[in-house]
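Report on one structure; see the data block that follows.
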Protein chains: 2
Amino acid sequence: MKIGELAKIAQCSVETIRFYEKEGLLAAPARTAGNFREYSAEHVERLRFIRNCRALDMSHEEIHTLLRLADQPIEGCAAINTVFDQHIQHVEVRIKELEHLKQQLDTLRQQCQTDLGLDPCGILQGLADMEIEPKSDKKHTHLG
Amino acid sequence: MKIGELAKIAQCSVETIRFYEKEGLLAAPARTAGNFREYSAEHVERLRFIRNCRALDMSHEEIHTLLRLADQPIEGCAAINTVFDQHIQHVEVRIKELEHLKQQLDTLRQQCQTDLGLDPCGILQGLADMEIEPKSDKKHTHLG
DNA sequence: GTTGACTCTATAGTCACTTCAGGGTGTGTA
DNA sequence: TACACACCCTGAAGTGACTATAGAGTCAAC
């Protein structure tokens, strides 16, 4: 099948597929006489795997690791769990961060709900006065 | 004060401050005879504001808007609330997304907890079999 | 006069794509 | 046969919010 068809199946763009090939996530397929990419069933399966990992917000690096481990399943089972547990932790950390943010935002938002027309605006005042919280570590998660 | 001192106060890097200047978030300060940036109290205040907004995960675009509105506070009060409410929604949406992800991840993780040594690994199997969920809209949040 | 801490500009790299420019391929219709 | 049109190709640049690097200049102290 050609790249457009594959893109439809995997629900991603043609450009994304070419990008994955360049990144080494998806193997380069055979070419037709006219230099079009010709994909096989294995490519479909592999791309589905990659897209599912991305849907779970895994980084390309994490996916690379999983794909490598997938090629030697028994040996890699513990390692796969490690990658997975680390990724779950990334997600948990980010959720906690965002919940903390939301709390701060809600508090600030209150300051304008009550006193409309105040100068300076309570929100702006709050943003100016807030104490900058030093972020603990920075590289606890690759999630934005 | 010089850029290094300002960076310490605002708990950011010297490069970040120069970057904000290039972005138009922080006004370009006067220069010393030796071409060093010389910052005033207003710069400190402005940078604190910016850093607090960033600590709340606002985008540069959102901060730009807030800074513009801050220069005409009474008129902008309703608009400020709008920016804020939208940002709060960004955060809420992202939290919900991540919680959904975590649920999926936990489910997958279970599949290897029980049957260690299985070939193929339950997690890999799950990643291959998952149905790709078409993401609703994409630009609901600028948060990663 | 030399060390060392600080500053300057300009450029490239990060991540996971998206967009664009400028062209080639393949099929269907007039 | 000529043309339109959908699809494909490569390569480069843009996104956001920085971070990192190279190579050079400034300034105070010893």
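Lettering follows sequence order; numbering is per chain, from 1.
Shown here are the side-chain contact (heavy atoms from CB on, under 4.5 Å) partners of B:Val93, two or more places apart in sequence or in another chain: B:Glu97, B:His140, B:Thr141. Taking the side-chain contact (heavy atoms from CB on, under 4.5 Å) definition, one finds that B:Val14 meets it with B:Ile3, B:Ala7, B:Arg18, sequence neighbours left out. For A:Thr32, the side-chain hydrogen bond (donor to acceptor under 3.5 Å, both in side chains) criterion is met by no residue, not counting sequence neighbours.
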**OP:** Determine, for nucleotides 3-10 of chain C in 5'-to-3' order, which nucleotides have protein heavy atoms under 4.0 Å from the base (write B), from only the sugar-phosphate (write S), or from neither (write -).
**Re:** ----SSB-
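In this entry the distance linking CD of A:Glu15 with P of D:dA13 reads 18 Å, nearest Å. What separates CD1 of B:Ile17 from C1' of D:dT19 is a distance of 14 Å, to the nearest Å. One atom, NZ of A:Lys22, and another, C1' of D:dT10, lie 9 Å apart when rounded to the nearest Å. Between A:Glu62 atom CD and C:dC15 atom C1' the separation is 13 Å, expressed in whole Å.
The overall bend of the helix from C:dG1-D:dC30 to C:dA30-D:dT1, read as the angle between its terminal helix axes built from five base pairs each, is 30° when rounded to 10 degrees.
You'll find the side chain of B:His64 reaches within 4.5 Å of the side chain of B:Arg68, heavy atoms only.
No hydrogens or angles considered: a donor-acceptor pair under 3.5 Å links the side chains of B:Arg51 and B:Tyr20.
By the rule that hydrophobic residues join a cluster once side-chain heavy atoms approach within less than 4.5 Å of another member, B:Phe36 and B:Leu26 end up as members of separate clusters.
None of A:Glu92, A:Met58, A:His90 except one satisfies the side-chain contact (heavy atoms from CB on, under 4.5 Å) rule with B:Leu105; the exception is A:Met58.
Aromatic ring orientation, B:His87 versus B:His142: parallel (interplanar angle below 30°, classes split at 30° and 60°).
Across all their heavy atoms, A:Leu98 and B:Leu143 have their closest contact at CD2-CD1, 4.2 Å. The shortest non-hydrogen separation linking A:Ala10 to A:Leu47 is CB-CD2, 3.4 Å.
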Identify the pairs formed between an N or O of the protein and an N or O of nucleotides 15-18 of chain D at a distance under 3.5 Å, and give each distance.
from	atom 1	to	atom 2	distance (Å)
D:dA17	OP1	B:His60	N	3.3
D:dA17	OP2	B:His60	N	3.3
D:dA17	O3'	B:Arg54	NH2	3.3
D:dC18	OP2	B:Tyr20	OH	2.9
D:dC18	OP2	B:Arg54	NE	2.6
D:dC18	OP2	B:His60	NE2	3.0

